[in-house]
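Residue numbers start from 1 in every chain, and the chains themselves are labelled A, B, ... in the order their sequence lines are given, proteins ahead of strands.
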Number of protein chains: 2
Amino acid sequence: MTERRKVAANTTLRDVAERVGVSVSAVSMALQDHPRIGDDTKRRIREAADELGYVTNSAARALRASKADAIALIVPNTSQHVFGHAYFMHVLTGVTAVANRNDAQVVISTSPDESHGKVAYDRVLRSGSVDGAIVTSAAVTDDGIQRLVADGLPVVLLGRFPYLPDAVSVGIDDVRASELATEHLIQAHGRRALVHLTGPLDHQSAIDRRDGFLAAAARHGVGTYIVEGDFSEESGAAAGPQIEALGDVDGLVAANDEMAFGAMRHLLGRGRRVPEDLAVIGFDDFGLSRVTTPSISTMHVPAERMATQATDRLFDLIGGARVAADEAHTVQPVELIARQSCGCEPMGRAQGGDKQ
Amino acid sequence: MTERRKVAANTTLRDVAERVGVSVSAVSMALQDHPRIGDDTKRRIREAADELGYVTNSAARALRASKADAIALIVPNTSQHVFGHAYFMHVLTGVTAVANRNDAQVVISTSPDESHGKVAYDRVLRSGSVDGAIVTSAAVTDDGIQRLVADGLPVVLLGRFPYLPDAVSVGIDDVRASELATEHLIQAHGRRALVHLTGPLDHQSAIDRRDGFLAAAARHGVGTYIVEGDFSEESGAAAGPQIEALGDVDGLVAANDEMAFGAMRHLLGRGRRVPEDLAVIGFDDFGLSRVTTPSISTMHVPAERMATQATDRLFDLIGGARVAADEAHTVQPVELIARQSCGCEPMGRAQGGDKQ
DNA sequence: AGGCAGTGCTGGAACGTTAGAGCAACCCCA
DNA sequence: TGGGGTTGCTCTAACGTTCCAGCACTGCCT
């Protein structure tokens, strides 16, 4: 009568069993729809469970079945940097969608600091609180992941990790994508002197995008300059004066949209015209590039689809699937989104009607 | 010798105990730095644990201690809608920061669909896989939360929930903030005929922002129009023609930045000048409003700080703190960010130098 | 009549951890 | 010399679940 006064001690299998008058095992089996339990008993058990508001204690289940029904989304970098990036939102959307479909929880695992970071995801995975992990934005030099993979834990990487050939990964071909962006400025817009604004060069994607730029420029015999940035809008703005100093450049290939925006905003403020004086193309298409004026042409990175596929593969791994060596790495296609900053789309009033 | 061949069966307390030659309990106590274990034994145990790569099995610990060392971040709406919003990123940043500080994991809990949603967070909380929850963006009509709160489970709400007076919540004063925005257009810019673009009116914040707009307008005797939107950029664009038809309006107060942007982009495309013909002010300041041209004046909502405080309060609750009735609700201050769309900041080139 | 295959349940052990009770051994002071 | 306190461990019983082995009972075939 005076039940659930404060923090209603959770109802367990035993409570249900007593109510129905069967054993605990019978209740457990009934709730799993085991064939060896009679239909009538099952019905009575399910009714009682509903009435008492029974919910399986996930810790006990995890302990017994050594299955947590949860996956981790691991972000080794500091949360400031990555969450600030719209990339993460797309990834999270993809991961949760697939996790939901598999009735699994998603645990977000960030490392407070770089040094403690190594041990952070190590602990999560080995503590048995998750069945596997998606690892995103890992620093190039991280060896902890290698160990996890070598120990046979289900791990899928998001991005390209040439130094981890055995790990399952889902990424894009950054080199080829950067070539396409560069060639677009050269071939579609006739630009002959290009500057590339790089990301931090300890990130594989930054390296690859630079290499793609250089390869395409070399192939077509156009002039090249390199300015180093760090993927932030500020670093793009900071690169502005350096680009101004390069009198003859007529095209900018930025390693992401934020830097493109930072540089563009600076140069527009100094009276340079985009795209007339300087054609600009960015990279990522995570939202920013669509809403600026001029809108920024870019290489669309299908982050959500990458996350979806990575998570699908993770559940395959958890399910016990073995991956052939030549199937370890999946590459998603990228797409050139031509907007105003390269000159493909006219400036001015007519942009109201475009659809997604 | 042939250890850890495949999925190295995780090392347990027992493995460490056998290695050192003590009992399992001794190892458990040593790792918790219990005073009744000798210093030398502790040292030997810790060394062995390190060597064997021992990590506490969190399921077993959770089962035994009925403490999961994890909190849930619950997003009842469909993931599409909410993750698409930069709001969530700020919230996640705040929540993970505090969770890290408390050595707790963060579980993201989204409901695949609206109907199934109710049971979703109910299950998460009652299954014992988390110690408490932050609930964000809950629909106004949700009664499941009421039950959780009534059952004494640690729950903190993000936003204002006037129909849940007992629940602990952290929010802003949307009415007052909307009044401030509206008064800014009236007093600082002399606007006399205002249109308000609302959010979905089953959300408390949308209701409050509309009410604040109406109150301020009435107080200053300016004309008002209401156009209903749903917080999306598309609904802002769709409201564009309706606003055009309202010939005499000279100010737009949008319930968020995305709608302000949608409407503004449409109207700019039709030859209307912002801010000259129409002063625009938005709401949120989650990123978009800073990067558009013209940049959008807005009410800054300190989402990350709200999340930080909510999570702090959650851990207080988990720690057993009782909350006095008059301390249940915390209100964070909002701030007017005056940019170009209302006329405060000049248009054109000079915006390169602004800092965060 | 005996065996034998189902059917429908019960009993009990195990998962890895924690914590309270218990117990030797020691030291100190009366 | 013996009682009382401290130190440093061990033993054991949980926590709630799952699952295998067992067991009684029915029905059927030979």
Side-chain angles (χ1 to χ4, degrees), chain A residues 7-46 48-49 52-70 123-131, chain B residues 7-46 48-49 52-70 103 123 125-131:
Chain A
V7 185
N10 273 327
T11 87
T12 72
L13 283 183
R14 201 153 85 106
D15 300 326
V16 180
E18 276 169 9
R19 162 76 80 107
V20 180
V22 293
S23 72
V24 169
S25 329
V27 177
S28 173
M29 294 170 96
L31 294 178
Q32 294 173 73
D33 208 20
H34 195 285
R36 295 286 289 271
I37 301 291
D39 288 341
D40 186 60
T41 314
K42 273 183 192 166
R43 196 185 38 71
R44 279 162 47 230
I45 288 175
R46 280 200 267 255
L52 297 173
Y54 172 77
V55 174
T56 305
N57 179 312
S58 55
R61 165 174 341 215
L63 178 57
R64 174 61 229 219
S66 48
K67 183 130 179 9
D69 281 323
R123 292 187 77 82
V124 174
L125 263 164
R126 299 193 196 277
S127 74
S129 52
V130 298
D131 301 323
Chain B
V7 186
N10 273 327
T11 88
T12 72
L13 284 182
R14 203 153 84 107
D15 300 326
V16 180
E18 277 169 7
R19 162 77 79 111
V20 179
V22 294
S23 73
V24 170
S25 334
V27 178
S28 172
M29 295 170 95
L31 295 178
Q32 293 173 76
D33 207 22
H34 195 286
R36 296 286 289 272
I37 301 291
D39 287 341
D40 186 61
T41 315
K42 273 183 191 166
R43 197 185 37 72
R44 278 162 44 229
I45 286 175
R46 280 200 267 257
L52 298 173
Y54 171 77
V55 175
T56 305
N57 180 312
S58 55
R61 182 206 299 256
L63 177 60
R64 173 64 229 224
S66 48
K67 186 130 179 5
D69 281 324
D103 283 318
R123 292 186 77 82
L125 263 164
R126 298 192 196 279
S127 72
S129 51
V130 299
D131 300 324

Kindly give the atom pairs (protein nitrogen or oxygen, nucleotide nitrogen or oxygen) under 3.5 Å for nucleotides 14-21 of chain C.
residue	atom	partner	partner atom	Å
C/dA14	N3	A/R64	NH1	2.8
C/dC15	O2	A/R64	N	3.4
C/dT17	OP1	B/Y54	OH	2.3
C/dT17	OP1	B/N57	N	3.4
C/dT17	OP2	B/L13	N	2.6
C/dT18	OP2	B/S28	OG	2.8
C/dT18	O2	B/R64	NH1	2.4
C/dA19	OP2	B/Q32	OE1	3.4
C/dA19	N6	B/S25	OG	3.1

*How far does the helix from C/dA1-D/dT30 to C/dA30-D/dT1 bend, going by the axes of its first and last five pairs, to the nearest 10°?*
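For the helix from C/dA1-D/dT30 to C/dA30-D/dT1, the axes at opposite ends meet at about 60°.
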*Assess whether atom CZ of A/R43 is packed by more than 12 heavy atoms of other residues, nucleotides or ligands within 6.0 Å.*
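More than 12 within 6.0 Å, yes.
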*Is the number of heavy atoms from other residues, nucleotides or ligands under 6.0 Å of B/D40 CG greater than 12?*
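More than 12 within 6.0 Å, yes.
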_Between A/E18 and A/T12, is there a side-chain heavy-atom distance shorter than 4.5 Å?_
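No, side chains not in contact.
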*Heavy-atom distance under 4.5 Å between the side chains of B/T56 and B/L31, does that happen here?*
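SC-SC contact between B/T56 and B/L31 ruled out.
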_Between A/T41 and A/V22, is the side-chain contact (heavy atoms from CB on, under 4.5 Å) condition met? List the steps._
CA-CA 9 Å; A/T41 314; A/V22 293; 4.2 Å; yes
*asked:* For B/R46 and B/V20: C-alpha separation, side-chain torsions, deciding distance, then whether side-chain contact (heavy atoms from CB on, under 4.5 Å) applies.
replied: CA-CA 10 Å; B/R46 280 200 267 257; B/V20 179; over 6 Å; no
*Can you list the residues that meet the side-chain contact (heavy atoms from CB on, under 4.5 Å) rule with B/A30, with sequence neighbours excluded?*
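Partners of B/A30 by the side-chain contact (heavy atoms from CB on, under 4.5 Å) criterion, ordered by chain and then number, come out as B/I37, B/K42, B/I45.
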*Which residues, if any, of residues 37-45 of chain B bring a heavy atom under 4.0 Å of DNA chain C?*
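Residues of residues 37-45 of chain B under 4.0 Å from DNA chain C: none.
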*Under the salt bridge (charged side-chain N to carboxylate O under 4.0 Å, His left out) test, residues paired with B/R64 that sit two or more places apart*: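 Not a single residue meets the salt bridge (charged side-chain N to carboxylate O under 4.0 Å, His left out) criterion with B/R64.
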*asked:* Does this structure show an ion pair linking A/R19 with A/D15, if we count only N-O contacts that are shorter than 4.0 Å?
replied: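 Between A/D15 and A/R19 there is no salt bridge, as every charged N stays at least 4.0 Å from the carboxylate O atoms.
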_Considering all heavy atoms, the nearest A/G128-A/A68 contact_ =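 The answer is O-CB, 3.5 Å.
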*Would you give the length of the straight line joining atom CG of B/N10 to atom CZ of A/R126, rounded to the nearest 0.5 angstrom?*
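Rounded to the nearest 0.5 Å, the CG-CZ separation comes out at 7.0 Å.
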*Between which nucleotides of DNA chain D, read 5' to 3', does contact with chain B run, using atoms under 4.0 Å from its heavy atoms?*
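The footprint of chain B covers D/dT7 to D/dG16.
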_Quick one: does any side-chain atom of A/S127 pair with a main-chain N or O of B/S58 as donor and acceptor, under 3.5 Å?_
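Such a contact is absent between A/S127 side chain and B/S58 backbone.
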